[in-house]
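Just below is one structure, and these are the notes that go with it.
Basis for what follows: all heavy atoms, side chains included, without hydrogens, waters or symmetry-related copies. We count ligands from 1, going down the list as the structure has it; atoms in each ligand are counted the same way.
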Amino acid sequence: MFESVSDLIRDAEKIVFVTGAGISQESGIPTFRGKDGYWRKYDPMQLATIDAFYKNPKLVWEWYEDRRKNILAAHPNKGHLAISDLAKYKDVIVLTQNIDGLHQRAGSNQVLELHGSIIRIKCTVCDFKDNITDSFDGLPPKCKCGEILRPDVVWFGEALPQDIWHDAINHAKSCDVMIIVGTSLAVSPANTLPIFAKQNGAVLIEVNPERTVMSEYMDLSITETSANALPQLISLLEFRR
Ligand code: BV8
Ligand code: ZN
């Protein structure tokens, strides 16, 4: 299996990764739908929506602060690092649904954050935006203009940042291989990216220990964890360069 996949990757010019919560699972960050998933305890529609935020900004902020502490204490795992290594030999673009910044901390520098970032905040009214690294005195935090700040993430019912989504589609349409890692592909429009790639002749490879709603659409499904599978894939490539 790995031999045939590495042949495909070896001959590719441009490789696009679409990643989800599963790639960070081995860094100790819970996925959304998994058995230890965030959404087991909380209803995402109660927390990851603009209505939920305005109804109870303190509760939503407490959830994000809790996640942000866990994320800042986590480290990129071998899956993130393998993707970053591959970029030494190939044109590699990472389209991530994750807001944890672990791809960037692993050294990947062509990363599009489709759903924003938990370490960025923005004002709900003015155009203030900034990175956050330390905690706030009180929640919800206030902007200099007096309005409340929010995490710079995309909530359900919100559009993805236009420029990022536009670039993501263009990358999906122009890659030779798309590797879909650690995502249930349950959330749109991110889950349409493999369709754009396939329509433009790309080979689709899925890395996920479980089958997903699009597994039969893939050219190859590697039913392994990403921290296991990705280093094997890349090492084969290095060996066969
Ligand atoms: C929009 C940021 C329009 C915040 C997130 C009804 C039907 C269909 C669609 C909709 C509907 N109602 C609403 C919609 C649209 C909605 C949507 O798709 N809803 C879903 C729930 C049905 N989408 C939206 O609202 C999007 N916006 O459509 O806007 C619009 C247009 C113009 C103007 C206005 C509006 C916005 C969606 C973004 C939401 N924000 N995150 C935050 O994180 O707090 S979504 C969040 O959940 C993630 O970002 C990610 O996208 C998603 C979770 O999915 P995964 O990452 O796949 O995680 P999951 O746990 O599901 O799966 C993990 C996988 O990993 C599993 O398969 C598992 O097997 C695997 N795994 C586990 N361990 C490992 C592993 N794999 C490898 N290795 C391992 N070790
Ligand atoms: Zn402001």
Legend entry - Any donor-acceptor pair under 3.5 Å from Trp61 side chain to Leu149 backbone: yes
Inset, instruction - With heavy atoms of Gln97 as the reference, note each atom of ligand 1 found under 4.0 Å away. - result: 48 (C), 49 (O), 50 (C), 51 (O)
Inset, instruction - Could you name the option among Gly22, Ala159, Pro151, Pro30 that has the heavy atom nearest to atom 30 (C) of ligand 1? - result: Ala159
Legend entry - Any N or O of Gly182 closer than 3.5 Å to N or O of ligand 1: yes
Legend entry - Polar contact flag, side-chain donor to acceptor under 3.5 angstrom, Glu26-Asn228: no
Inset, instruction - Answer yes or no: does an N/O atom from Thr225 fall short of 3.5 Å to an N/O atom of ligand 1? - result: no
Legend entry - Gln162 atom CD, over 12 foreign heavy atoms within 6.0 Å: no
Legend entry - Which of the ligand 1 atoms, numbered from 1, are nearer than 4.0 Å to a heavy atom of Glu158: 1 (C), 26 (C), 27 (N), 29 (O), 35 (C), 36 (C)
Legend entry - Those atoms of ligand 1 less than 4.0 Å from some heavy atom in Ser184: 57 (O), 59 (P), 61 (O), 62 (O), 64 (C), 67 (O)
Inset, instruction - For Asn200 and Cys175, indicate whether the former's side chain and the latter's backbone hold a donor-acceptor pair under 3.5 Å. - result: no
Inset, instruction - Could you name the option among Thr183, Val18, Val187, Asn228 that has the heavy atom nearest to atom 57 (O) of ligand 1? - result: Thr183
Legend entry - Short N or O distance, Thr212 and ligand 1, threshold 3.5 Å exclusive: no
Inset, instruction - Supply the atom-to-atom distance Glu210 CD to Ser215 OG, rounded to the nearest 0.5 angstrom. - result: 10.0 Å
Inset, instruction - State whether the shortest distance between N or O atoms of Ala21 and N or O atoms of ligand 1 falls below 3.5 angstrom. - result: yes
Inset, instruction - Look at the side chain of Ser27 and the backbone N and O of Ile29, then say whether any donor-acceptor pair between them is shorter than 3.5 Å. - result: no
Inset, instruction - Identify, by atom number and element, the atoms of ligand 1 in contact range of Glu26, meaning under 4.0 Å from any of its heavy atoms. - result: 78 (N), 79 (C), 80 (N)
Legend entry - Contact check: Val181 vs ligand 1, nitrogen or oxygen atoms, below 3.5 angstrom: no
Legend entry - Distance-only N or O hit between ligand 1 and Ser226, under 3.5 Å: yes
Legend entry - Contact with ligand 1 for Asn208, non-hydrogen, under 4.0 angstrom: yes
Inset, instruction - State whether the shortest distance between N or O atoms of His115 and N or O atoms of ligand 1 falls below 3.5 angstrom. - result: yes
Legend entry - Within-shell test, Ala186 vs ligand 1, heavy atom, strictly < 4.0 Å: yes
Inset, instruction - To the nearest 10 degrees, could you say what angle the Zn ion (ligand 2) makes with SG of Cys145 and SG of Cys123? - result: 100°
Legend entry - Whether over 12 other heavy atoms sit under 6.0 Å from Glu216 CD: yes
Inset, instruction - Heavy-atom contacts with Thr31 under 4.0 Å: which atoms of ligand 1 show up? List them by number with element. - result: 60 (O)
Legend entry - Heavy-atom donor-acceptor pair, Thr49 side chain to Ala52 backbone, under 3.5 Å: yes
Legend entry - Option set Phe156, Trp63, Trp165, criterion heavy-atom distance to atom 45 (S) of ligand 1, minimum: Phe156
Legend entry - Student check: side-chain heavy atoms of Pro30 and Asn70 closer than 4.5 Å: yes
Inset, instruction - Check the pair Asp219 / Lys198 against salt bridge (charged side-chain N to carboxylate O under 4.0 Å, His left out), numbers first and verdict last. - result: CA-CA 10 Å; Asp219 295 290; Lys198 185 104 183 173; 3.3 Å; yes
Inset, instruction - May I ask you to check whether Phe32 has an N/O atom sitting below 3.5 Å from an N/O atom of ligand 1? - result: yes
Legend entry - Heavy-atom neighbours of Asp127 CG exceed 12 at 6.0 Å: no
Inset, instruction - Please check if the side chain of His171 supplies one atom and the backbone of Ala168 the other of a donor-acceptor pair under 3.5 Å. - result: no
Inset, instruction - Using distance alone, determine whether Trp155 and ligand 1 share an N or O pair under 3.5 Å. - result: no
Legend entry - Ligand-side contact atoms (ligand 1) for residue partner Gly20, heavy atom cut-off under 4.0 Å: 56 (O)
Legend entry - Geometric N/O contact Val154 with ligand 1, under 3.5 angstrom: yes
Legend entry - Numbered atoms of ligand 1 (with element) below 4.0 Å of Tyr64, judged on heavy atoms: 4 (C), 42 (C), 44 (O)
Inset, instruction - Using distance alone, with no hydrogens and no angle criterion, decide if Ser117 and Asp152 have a side-chain donor and acceptor under 3.5 Å apart. - result: no
Inset, instruction - Taking only heavy atoms of Arg67 into account, list the atoms of ligand 1 that are under 4.0 Å away from them. - result: 42 (C), 43 (O), 44 (O)
Inset, instruction - Can you label the angle between the Phe53 ring and the Trp155 ring as parallel, tilted or perpendicular, going by 30° and 60°? - result: tilted
